[in-house]
Amino acid sequence: MEGWPDLVAPTRAEITSAVLALHRAGVAALAVDPAEVAPARDLLGTSPIAVVALVSAPLGAMTSGSRIAQAELALADGADELAVAMDPSLVRSGKLGRAVAELSPLRRLAEGRTLRVICHLALLGPDLGAEAAAGAVDGGADLIMTNSHFDGEVTVEQVATVRRRVGQRIPLVASGGVAATSQAAPLLLAGATRVAVGWSGFPLEPHS
Amino acid sequence: MIVTEAELAGLIDQTNLEMGASAQEIADFCTRSVPFGFRALCLLPDQVGVALPVLRGTSIGLAACVSFPLGLDRWEVKAREAADLCDLEVAEIDMVVHTGRAREGDLSWVEQEVAAVRQAVAHPRLLKVIIEIPVLPDELVGPVAVAAEAGGADLVKTSTGYKRLGIRATRAEDVRLLRSRLSPATGIKAAGGIRNLGQLEEMVEAGATRVGASRGIEIVEEWRLRQAGDPRGR
């Protein structure tokens, strides 16, 4: 399991509470918005949980310069991985090659660290989304995430379609609209390596 | 009171912030909008290159959003995005404050990030600052708006109006509250759920100097019906 920020504009107190809850739950990774990378890293200390910085998420519509600046700062703040939202408008406009080319500077920045690419399956539909995922792999993605938290819900069909398209080698995180860990099993069976569950799906206080 | 159609259109930021809209869809949106003479078209950053050729030679300005829709970036990233957009001849920037910090009441964060973007958005370019009133505690709306003004906002905007956030529509009382707290020189843009002429007029009466709407064309057409005495023009 991974944690995924599904709270609308959380305060720092809410983020602290969520990060600690995710730590207790033993998630493998935790995705955070760009300004929260440093605080999350500080909270987690030497924990092996990977801090994943969201880049150009959720819409994938940022300018090239700001996307790169965002990634640079996130890495300097201690991000272990980057999760970049591809530009879905370019993909829907028949410009997948340009959307993939935009990943190049981020691939270089994240040298030696995991570059994830968010492929907007729910927005693009399974077939075009799977094409985007295959393009992202060609562009250097180490891992594919199905959706940003604004695309819509991940489905078994999306996961299976991407898995067929990119093969077994690439890790695949089912993300988007998963509100509880109990929803994970069918997605894992369909070929997801992990499932990203919204922060609000984890209890914020320890069980007594 | 709005007297002429030109005056009405001059109040409207005709808006398309649809995630994943194709270049063709945005070009069609711009082409359809141009004859109405709106004050500006408001788009996401990645659509600026599509819109500029359509708008060149018209009186319509291009507005682009920064850190949309949640504003959860560091100020350096927001300033960079604004600078990139100004390099592309965008006339107006609609930036979102860090909505999490605003909810905490971290007013110095808000003022500083607005000031950083203001540096990248030199006059006469306009800087509109979105404070997402629907998710702020009531007692913080005024202070956050004042912090945005202190940072250099030309207009304070009530909400992103972004439907995927599932937040309520902007209300006339939001606008009245901003009007009571901001200096007369600072404009107010009402946005979020303004879908018809009656709602637009309510916002303007409350003090809005600009209105964001994805249905600007329908609103102007409603005005035309009213002027023609057609009862469909409410």
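Every chain is numbered from 1 and lettered A, B, ... according to where its sequence line falls, protein lines coming before strand lines.
Both the backbone and the side chain of B:Phe68 come within contact range of chain A, with heavy atoms under 4.5 Å apart. Looking at B:Leu72, both its backbone and its side chain come within 4.5 Å of chain A, counting heavy atoms on both sides. Proximity to chain B (any heavy atom under 4.5 Å) is restricted, for A:Leu123, to the side chain, taken from C-beta onward.
Of the listed residues (B:Ala21, B:Ala23, B:Ala102), the one with the most heavy-atom contacts under 4.5 Å to chain A is B:Ala21. When each of B:Lys78, B:Gln24, B:Glu25 is checked for heavy-atom pairs under 4.5 Å with chain A, B:Glu25 comes out on top. Residue with the most contacts toward chain A among B:Arg164, B:Glu18, B:Met19: B:Met19 (heavy-atom pairs, distance under 4.5 Å). If you tally non-hydrogen atom pairs under 4.5 Å between each of A:Ile68, A:Leu59, A:Asp33, A:Val91 and chain B, the highest count goes to A:Leu59. Note on B:Arg101, B:Arg80, B:Gln47, B:Glu76: by heavy-atom pairs under 4.5 Å with chain A, the leading option is B:Arg101. Across A:Pro88, A:Gly65, A:Ser89, A:Ala74, the residue that shares the most heavy-atom pairs under 4.5 angstrom with chain B is A:Ser89.
A salt bridge links B:Arg118 with B:Asp154: at least one charged nitrogen is closer than 4.0 Å to a carboxylate oxygen. Using a 4.0 Å cut-off between charged nitrogen and carboxylate oxygen, A:Asp80 and A:Arg41 count as a salt-bridge pair. The residues A:Asp87 and A:Lys95 are annotated as not salt-bridged, no charged nitrogen and carboxylate oxygen being separated by less than 4.0 angstrom.
In summary, the side chains of A:Gln70 and A:Ser56 do not present any donor paired with an acceptor at a separation below 3.5 Å, with no hydrogens or angles considered.
Checked against B:Ile133 for a side chain to side chain contact (heavy atoms under 4.5 Å, CB included), the options B:Arg171, B:Lys157, B:Arg168 give a single hit: B:Arg168.
Around atom CD of B:Glu139, more than 12 heavy atoms belonging to other residues, nucleotides or ligands sit under 6.0 Å away.
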